[in-house]
Protein chains: 2
Amino acid sequence: MARSAEVSRPPTMADVAREAGVSHQTVSRVLSGHPHVRPATRAQVTAAVDRLGYRRNPAARALVTRRTRTLGVIAVNTTLYGPASTMAGLHEAARDEGYLVSAVTLRGDGRQGLKDAVDHLSSWGVEGVVALTPQRTTGQALARLDAPFPVVSVEGGDQLGLPAVSLDQERGARMVTEHLLAAGHATVWHVAGPDGWSESEARTAGWRAVLRERGIAAPPPLQGDWSPLSGYRAGQELAGHVLSGQGPGVTAVFVANDQMALGVLRALREAGVRTPERVAVAGFDDIPEAEFFPPPLTTVRQDFGSIGRRSIRLLIDHIEGRARGAEHVLVEPQLIVRGSTRGVAEV
Amino acid sequence: MARSAEVSRPPTMADVAREAGVSHQTVSRVLSGHPHVRPATRAQVTAAVDRLGYRRNPAARALVTRRTRTLGVIAVNTTLYGPASTMAGLHEAARDEGYLVSAVTLRGDGRQGLKDAVDHLSSWGVEGVVALTPQRTTGQALARLDAPFPVVSVEGGDQLGLPAVSLDQERGARMVTEHLLAAGHATVWHVAGPDGWSESEARTAGWRAVLRERGIAAPPPLQGDWSPLSGYRAGQELAGHVLSGQGPGVTAVFVANDQMALGVLRALREAGVRTPERVAVAGFDDIPEAEFFPPPLTTVRQDFGSIGRRSIRLLIDHIEGRARGAEHVLVEPQLIVRGSTRGVAEV
DNA sequence: GGCACGATTGTTAGCGCTCACACACGGGTG
DNA sequence: CACCCGTGTGTGAGCGCTAACAATCGTGCC
C-alpha cells in the first residue's frame, strides 16, 4: 500500500495510472470494460486498483457523462404492507439495473407537497421518478407537473397521460364478487375504500359491474378509509342489518382491503354474527396476516413486488429511450380462497 | 424565456451570471446564502435563476466539495411493519437535514450479501450508512467490514463497537411480564423469536430476568420465527398444555411479536381456549392490526419512526464530526394494555 | 517493400461548480 | 491625509473523470 504520501485522500484514477504504469485513460478503459485493451495491461490495472483500493468517483463521472444513474420514488404512506412491498420490488429491480433509488414521502397535501418532493429529488439529479400516488388529485397534480424527466405512475388511475403500472383492480374485484355469487349468495354487499382513491374506485366499479351484468341490484356500498377501525364501524352497520333482518339480506360482503376486513370481522363477531356461516367476508390485498384472521380471509392477492419491478423497468425504458408514450402495464390479480367465504366454519 | 440558443441543455451557472450581469461566483454566493451580497444583486440573480429555471448541478458540486450529501440504508426485510416504519422515519429525518437517502435490501446471507450492499452504496459515494441488521451474525459482519464511512447500527445488538440506536427491548419485555404477573398470573409463558436475532434474545432476556427476580420458575420458552404460522404452531402446543392440565398452568403468554401472537390467538381459539379468560396473551410491536385482533392485543409499542429519526441524526453527527465513538441510543418502549390481558372479555 | 488498417495506448480538453485569492470601494481612525 | 479594515465583487485554478482525437505499433496484402 506504499504510495506517495498525500494526507489521506482517496486515490484517484491518476494514482492508479501511475501505480500501473499506464495512462489514466487506460485505467478508465479497463474500468468501463472497453474492448481494445491488451489482457496484460488490463491485469496490471486491475492489480493496481486492488492494491490501492481505488473506486471511481461517481460525482466526476456524473459530471462528464451527464448521467447520475439515480432514480426517485415518491410515495404516500410507505409503512403499509402494499406500498412497502412495492418499494422493495422497486429497489431490487433498480439495483439490478445498476441504478440507485431514493425515496421521498409526500408530506402535506397534493400540489405543494408533490412539488417539494419532486424538487428535492430533482436537486439530486434523478433521471426519472416512480410515483405511488393512489389518490386521484395527487395523480392529476403529478400529470400536470411537467417534470424535466420521465415519470411512471403506479396505481395512479388511468387517465393521466403518464406511463403507468397497476394491478388490474377491477378484475380483482370481479373475481371476488363472482366467487361470492357462485357460492350461492343472492347479492354481495361492499365496504368501499375512501373516495378519490383510484384503487377504491376501481374495486367498487368491478363489484358493481358484476352485479349489473347479472341483473342483481347492488346494495348501497358502505365506506371506510382503509383502516381497521373504519372497517369495524362498517361491520357494526352490517351486523345491524343482519340482526334486524331488514332490506336485502346481508350474507356476503366484499371489503375493499384486508385491514378493513379485519375490522368488519371483529364487529360481526362482537354482534354474534358468525363468519362464514351467517355472513361470508372477503378482502383485498392478501396481507401476511390475512391467513390468520378469524376466520382466515378470502382475498385478492396483489403481487406488489412485481408491480415495483415492472415500474422500474418501464421507467428505465423511458430514460434510456427504449419506450415513449403513456402505455399502461396491468398486473394480474389472484383470488385466494380461504375460510371466510367457505361453507364450512374454519374456526 | 428567450435565451441564447443552445440545443436544449440545462442552463449553467454561467448562463445565469450572463443573464443577471454578474460573475458566476456571485451567482454561487447567492445560491449558497453567502452573507456579503448586496440585496439588489441578490434580487437580480434570483430573478435570473427563476427566468432560466436554473438548478445547480449536484454532480459538479459534489466533485468540488467532496460531499455528496447522500446516505445509505441497508435493511433485510423492509416489507414488515417495523422496518418499513423505521425507514419512513429515516427518510423523513434525512430529507429535513438536506440529505438524500438510498436503501438497499440485503440479498443472500451474511458476509457476501452485506459486502455487495455496501459496495453498491459505496460506488454512489454515500457518506454514511444506517444498517438495520437485527441478526447477530449480520451485525458482526458489519462491524468487521471496516467501511470507509460511518455506520450506525439499528437493533443490531450491543457489542458491535458501532454507534447504535435501538428500542430498549429488554425493558419492554420486562414491562409486559410484570404487567401479567401483576394481574395475578402465577407465571408467564413465552413464545420467543428465532435464535440469532438480537431483538429476540433481548425480549427473552427481559422476560427471564423478571421471573428470576421474583423467584418464579420460568417455563420452557417455545420458539417461532416471527411469522403468524409459527405462532399458530406454538399456540397449538400451549393449548395442549392447557387442556391436559399438565405442568405449571398456562394462564399467561408473552409472545415475542404481534404477528406470532395472532397465530397463538387463533390456535387457542380453535382449541376452545378462551382469551383472556382462560389464557392472557400479550405481544410486542403494536402493529396497526393489533388493536383489532380477537381480542385486541396487549403489546409493547415501538416508536419505529423515532428510531429511524434518531439513527439518521446520529449518523449525520458522525459524518459532520459532531460525534465519535460507539454510543448507544436507547428508545423507550410503551406498554399498551388491551383486552387480551384484561380480566374481562372484550369480545 | 510499402501502405492500409485495426489494435492499443496516450494527450488534450472540458463537464459545472466552489475555493482561494485579488481587487475596488467607502468610511472610520490616528 | 495616509492607512486599515470590512464589504462587495471578479478572476483563475482545479475537483476526477470521460470523450474526442492523435499517435504508435504491428500485421497482412498487393
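All figures in this text were calculated on a predicted structure; none of them were measured in a lab. Protein chains get the first letters and strands the later ones, always in sequence-line order, with residue 1 at the start of each.
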Legend entry - Contact pattern, 5' to 3', of nucleotides 19-26 of chain D - B, S or - by protein heavy atom under 4.0 Å: BB------

Atom pairs and distances, donor-acceptor, side-chain atoms in residues 27-40 of chain A, under 3.5 Å, two or more places apart:
residue	atom	partner	partner atom	Å
A/S32	OG	A/S28	O	2.6

I'd like a table of donor-acceptor pairs (distance under 3.5 Å, sequence neighbours excluded) in which one partner is a side-chain atom from residues 141-155 of chain B, with atom names and distances.
residue	atom	partner	partner atom	Å
B/E155	OE1	B/Q169	NE2	3.0
B/E155	OE2	B/L167	N	2.8
B/E155	OE2	B/Q169	NE2	3.4

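For B/H24, the ring-ring contact (aromatic ring centres under 6.0 Å, His included) criterion is met by no residue, not counting sequence neighbours. By the salt bridge (charged side-chain N to carboxylate O under 4.0 Å, His left out) test, B/D317 is found to be paired with B/R322, residues two or more places apart in sequence or in another chain being considered. Residues forming a side chain to side chain donor-acceptor pair (under 3.5 Å) with A/S198 (at least two apart in sequence, or on another chain): none. Evaluation of the ring-ring contact (aromatic ring centres under 6.0 Å, His included) rule for B/F304 yields B/Y81 as partners, not counting sequence neighbours. Residues passing the side chain to side chain contact (heavy atoms under 4.5 Å, CB included) test with B/T68 are B/A62, B/T70, B/E127, sequence neighbours excluded. With sequence neighbours left out, the ring-ring contact (aromatic ring centres under 6.0 Å, His included) criterion links B/H318 to no other residue.
Between B/S23 and D/dG10 there is a side-chain N or O to OP1 or OP2 distance below 4.0 Å. Between A/R56 and D/dT18 there is a side-chain polar atom (N or O) within less than 4.0 angstrom of OP1 or OP2.
Near DNA chain C, defined here as any heavy-atom distance below 4.0 Å, there are no residues from residues 40-47 of chain B.
The terminal axes of the helix from C/dG1-D/dC30 to C/dG30-D/dC1, fitted over 5 pairs per end, subtend an angle of 50° to the nearest 10°.
Read 5' to 3', the first and last nucleotides of DNA chain C with an atom closer than 4.0 Å to a heavy atom of chain A are C/dA7 to C/dG16.
One atom, NE2 of B/H36, and another, C1' of D/dT7, lie 6 Å apart when rounded to the nearest Å.
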